[in-house]
Novice: 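Below are the structure tokens for one structure; questions will follow.
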Amino acid sequence: MKTLIIAEKPDMGRNIAAAIDPKAKNHRSYIEGEHYIITWAIGHLIGLAEPDAYDDRYKKWNINDLPIIPAQFKLVPNKKTIDQLKVIGDLAKRSNLLVNSCDAGREGQYIFSLIQRHLKLSQPVKRLWISDLTPETIRKGFDELKEGAEYENLTRAATARSEADWLIGMNGSRAFTTKHNVLLSVGRVQTPVLALIYDRQKLIEAFSSLKFFELEGHFTQNELTYKAMWQGERMTDQAQVEALAAKVKGKQGRIASYEVKDTKEYPFKLYDLTLLQREANGKYGFSAKKTLDTAQALYEKHKVISYPRTNSNYVTEQNIPEMHKTLNALQGTSYDELVKGANRGLVHKGNKFICNPTKVEDHHAILPTNRKANNLSPDEQKLYDLVVRRFLSQFYPAAEYKVHTVITEVEKEHFKTTVKELLSLGWKVIYADQKKDKAKSTAKGKDKEDAEEEEVEVNEPFSISADEGVVCSDAIVKEKDTQPPKHYTEGTLLKAMESAGKQIEDEDVRDAMKDSGLGTPATRAATIERLKNVGYVEMQGKKIQVTQKGRTAIELIRGAGIDLLTSPEMTGLWERRLNEISRGTASDGQFMENVKKFATMIVDKVRVQSRAAKTSFESEAPAPASGRGGTGKSAAASRTRVTKAKAIGAQTKSAEKATQAAGGGPVVIAACPRAGCGGSIFMGRKGYGCSHYKEGCKFVIWKESFGRSLTDTQVRALVEKGKTAKLKLELADGTPGEGKIVIRNTETGELAIEQ
């Protein structure tokens, strides 16, 4: 009998085989050596069954059949990967020991657990728990295999998470969809995230800008000239501020106070996944999903970074020697000069800013490995560069500054100057070749924009004589407007999800909130993508905008009296409870009882709600650009491709399954425009297809087109009128622009842009 090793994906299985049994024979779906058989899942081979597996009546969506609360959740194999599941079952019959080598995290634990439960595998289990896929780490991991029983609490938490999501999603979505006859997706995490976006957008729309004025004084003392901002209550009367300017201009003044303080700025913390996603979004415009997928490739395919799905910014004592090895491995690469300037003595077990085992649970911070990075794609290189520079910065000292705070008095009016004089660049030399980041403000009691304006960073020495007089050579009135809150980007939304919507700037407090955020680092990207795919939000450049459908969904949920379903704090507490279950300090049984009660409450509240008007889900068409006609330019080439009838069929089947209302069929968008077809257009998961796909109709409009997520209203306009109103789009060359989307080919649904 041999040991059966089950990895999460084929690449991981092959990496393990190459490290521990390089002479093993490859059998396509598994690798076999003298002592080991190595095989793999392909992500989730098994999932929770759909409601109709419990009762045929659930095939139709009927609010009177809700809530659906299985006494025991049934498992079903994924039809696409059932052959691999059979392979694992057959191989297990030849094995007396299993090694769970799936990803070392909650979802990896769950994938193995489902396989074990479904195939009724009774062999003892060992656990491989590693943070990178270099051969050295894999071999060390096999030398230090853990007992599978040590991770039972993690399995309980993963199971509770999955079943809770099923109960809330299945009952909530069916209840709202059948009541309002529009496909409305509800979820334990996605709904409070949508509520965050909705609430921010309502604040922006309700914002009333206020005009105000600032007074900037220009002062001279001998050869020195400097600027300072008037200190006082915000002024909204232009005459008042202009009178103040006239009062001080040209007058003698004095230095009322002058303070000099030495300050240090230490390197930023090592990356966890959410922080990496936030920075990649801000710097490169990467979506959260793109960053996760790219990081996963760097980890799994290239093996040049450690496990990316981590929520820790720290390492353990065991990682310190590995960090020094990685630093040595970066010699001779494009980072060679930075390696030469590194101070190895700064990275040690006593440096709690880096090494803090109490803040490392499943995985340490994201680190580069000691493997050379070759053949990276441009996007992979960008992300790898972020990780390497953040790593290298830990080997550099703090940046040092002298902060000069000057209060100048003229005619009993006070003006403030803050000058940040650079003494030593320290770790910031790592980023000296890149666009300079805005300096962190040290001013207190003002908003960030005001503070940044008051503070000036200089490289040359700054010196002022506190005993000598000054002259106010000029006084300039600046007209400004108060600014509304900013729209969420994916980066700022990730930050809000991490702290359950709380606006927290203090990084230590943010660390403490990580257990009670919305979702996990591994799932946040999928949640954002889900909101796009169901038509609740759309992207306008980097901004996330809630659609009319998304607005109505939140308003209906709150109108039904189910505010808890939209509450980030409530969902954050659930996430904390799941983390406590994984540590063995909370009961999964009690958690699930509460979820079942909540699912029942949702259904009861929706059942008595009035049906919303169909028009409340539809966005109004944007007004045409004032005073300008069309440009008459030829339509831009569409990137939409004609697809096979089978793909369209899958889209329509998805719509039929997802939108069955009580006793009714799916929601019709419009009649198919294809000549002589006679079919109807339905919304699927990724696009809008024709009900006559089985008869050969190839008409399909993909939801994601020209940088937009098309709404039902826009698709209806395309189908019935042949074009949309003017929209903000991504043009064929990738640049932003405006134009109407038109149907180029009514046989296939191929689209183009008319400018």
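Every value quoted in this text rests on a predicted model; they were computed, and no experiment measured them.
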Novice: Any chance the side chains of Tyr314 and Lys269 put a donor and an acceptor closer than 3.5 Å?
Specialist: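 A pair is found: one side chain offers a donor N or O, the other an acceptor, under 3.5 Å apart.
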Novice: Kindly say whether Ala256 contributes a backbone atom to a donor-acceptor pair with the side chain of Glu409 at under 3.5 angstrom?
Specialist: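 Between the backbone of Ala256 and the side chain of Glu409 there is no qualifying donor-acceptor contact (under 3.5 Å).
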Novice: Mark yes or no for whether Thr310, through its side chain, and His364, through its backbone, hold a donor-acceptor pair below 3.5 Å.
Specialist: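 The answer is yes, because a donor-acceptor pair under 3.5 Å joins these two groups.
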Novice: Tell me whether Lys227 at atom NZ has more than 12 heavy atoms from other residues, nucleotides or ligands lying less than 6.0 Å away.
Specialist: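 Result for NZ/Lys227: open.
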Novice: Any sub-3.5 Å donor-acceptor pair from Asn351's side-chain atoms to Leu346's backbone N or O?
Specialist: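 Present.
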Novice: State, to 0.1 Å, how close Tyr384 and Leu298 come at their nearest heavy-atom pair, and which atoms those are.
Specialist: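 What the structure gives for the nearest pair is N-CD1, 3.9 Å.
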Novice: Is the count of non-hydrogen atoms from other residues, nucleotides or ligands lying under 6.0 Å from Lys202 atom NZ greater than 12?
Specialist: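 At most 12 heavy atoms, drawn from other residues, nucleotides or ligands, come within 6.0 Å of this atom.
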Novice: Mind checking the CG-NZ spacing from Asn375 to Lys301? Nearest 0.5 Å is all I need.
Specialist: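 Asn375 CG to Lys301 NZ: 8.5 Å, rounded to 0.5 Å.
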Novice: Could you tell me whether the side chain of Glu575 and the main chain of Gly572 form a donor-acceptor pair under 3.5 Å?
Specialist: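 No; zero donor-acceptor contacts below 3.5 Å.
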Novice: Can you give the donor-acceptor pairs under 3.5 Å from side chains of residues 460-471 to other protein atoms, not counting sequence neighbours?
Specialist:
from	atom 1	to	atom 2	distance (Å)
Glu468	OE1	Asn222	ND2	2.9

Novice: Working to the nearest 0.5 Å, report the span between CD of Glu498 and CG of Asp272.
Specialist: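 If I round to the nearest 0.5 Å, the distance is 5.5 Å.
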Novice: For Ile544 versus Val537, what's the shortest heavy-atom pair and its separation?
Specialist: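 Reported closest heavy-atom pair: CG2-CB, 3.8 Å.
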Novice: Please check: side-chain N/O of Gln483 versus main-chain N/O of Asp481, any donor-acceptor pairing under 3.5 Å?
Specialist: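 Indeed, once roles are kept as given, a pair shorter than 3.5 Å links the two residues.
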Novice: For residues Leu273 and Ala522, report the shortest heavy-atom separation together with the two atoms involved.
Specialist: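 Shortest heavy-atom separation between Leu273 and Ala522 comes out as CD2-N, 4.2 Å.
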Novice: Consider only side-chain N and O atoms of Arg309 and Gln296, and report whether a donor and an acceptor are under 3.5 Å apart.
Specialist: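 Per modelled atom types, Arg309 and Gln296 side chains form a pair under 3.5 Å.
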Novice: What is the minimum heavy-atom distance between Ala500 and Leu518, and which atoms define it?
Specialist: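 Closest approach of Ala500 to Leu518: CA-CG, 4.0 Å.
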Novice: Once you round to the nearest 0.5 Å, how far does CH2 of Trp230 lie from CD of Glu214?
Specialist: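 It comes to 10.5 Å.
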Novice: Would you confirm whether Lys283, through its side chain, and Arg278, through its main-chain N or O, come within 3.5 Å as a donor-acceptor pair?
Specialist: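 It does not hold such a pair.
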Novice: Does any N or O in the side chain of Lys542 come within less than 3.5 Å of the main-chain N or O of Gly282, such that one atom is a donor and the other an acceptor?
Specialist: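 Looks like yes, one N/O pair under 3.5 Å.
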Novice: Specify the closest pair of heavy atoms between Ala525 and Leu292, including all atoms of both residues, with the distance to one decimal.
Specialist: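 Nearest heavy atoms, Ala525 then Leu292: CB-CD2, 4.3 Å.
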Novice: Is a donor on one side and an acceptor on the other found under 3.5 Å between the side chain of Thr291 and the backbone of Ala280?
Specialist: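 A pair under 3.5 Å: no.
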Novice: Which atoms form the tightest heavy-atom contact between Ile430 and Ser393, and what is the distance?
Specialist: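 Shortest heavy-atom separation between Ile430 and Ser393 comes out as CG1-CA, 4.0 Å.
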Novice: Working to the nearest 0.5 Å, report the span between CD1 of Ile366 and CG of Leu270.
Specialist: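 Ile366 CD1 to Leu270 CG: 9.5 Å, rounded to 0.5 Å.
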Novice: Okay, side chain of Trp574, backbone of Glu569: is any donor-acceptor separation there less than 3.5 Å?
Specialist: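 Checked: no pair found.
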Novice: Does the gap between the ring centers of His404 and Tyr226 come in under 6.0 Å?
Specialist: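 No, ring centres 6.0 Å or more apart.
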Novice: Could you give the distance from NZ (Lys249) to CD (Glu242), rounded to the nearest 0.5 Å?
Specialist: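 Nearest 0.5 Å value for the NZ-CD distance: 11.5 Å.
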Novice: Count the heavy atoms of every other residue, nucleotide or ligand shown that sit under 6.0 Å from OH of Tyr266, and state whether that count exceeds 12.
Specialist: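 Counting other residues, nucleotides and ligands, OH of Tyr266 stays at 12 neighbours or fewer.
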Novice: How long is the gap from CZ on Phe395 to CD1 on Ile354, to the nearest 0.5 Å?
Specialist: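 Taking CZ in Phe395 and CD1 in Ile354, the distance rounds to 7.0 Å.
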Novice: Look at the side chain of Arg371 and the backbone N and O of Val304, then say whether any donor-acceptor pair between them is shorter than 3.5 Å.
Specialist: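 Looks like no, no N/O pair under 3.5 Å.
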Novice: Take atom NZ in Lys543; do more than 12 heavy atoms of anything else shown fall under 6.0 Å from it?
Specialist: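 No, because the 6.0 Å sphere around NZ of Lys543 holds 12 heavy atoms or fewer from other groups.
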Novice: What pairs with Thr405 under side-chain hydrogen bond (donor to acceptor under 3.5 Å, both in side chains), at least two apart in sequence or on another chain?
Specialist: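 None.
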Novice: Between Lys480, Gln238, Gln240, Lys478, which is the residue that forms a side-chain contact (heavy atoms from CB on, under 4.5 Å) with Phe213?
Specialist: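 Output: one option passes, namely Gln238.
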Novice: Answer yes if the side chains of Gln201 and Gln545 hold a donor-acceptor pair under 3.5 Å, and no otherwise.
Specialist: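 Yes, Gln545 and Gln201 have a side-chain donor paired with an acceptor closer than 3.5 Å.
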Novice: Sequence neighbours left out, what passes side-chain hydrogen bond (donor to acceptor under 3.5 Å, both in side chains) with Ser287? Give chain and number order.
Specialist: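 For Ser287 there are no side-chain hydrogen bond (donor to acceptor under 3.5 Å, both in side chains) partners, ignoring immediate neighbours.
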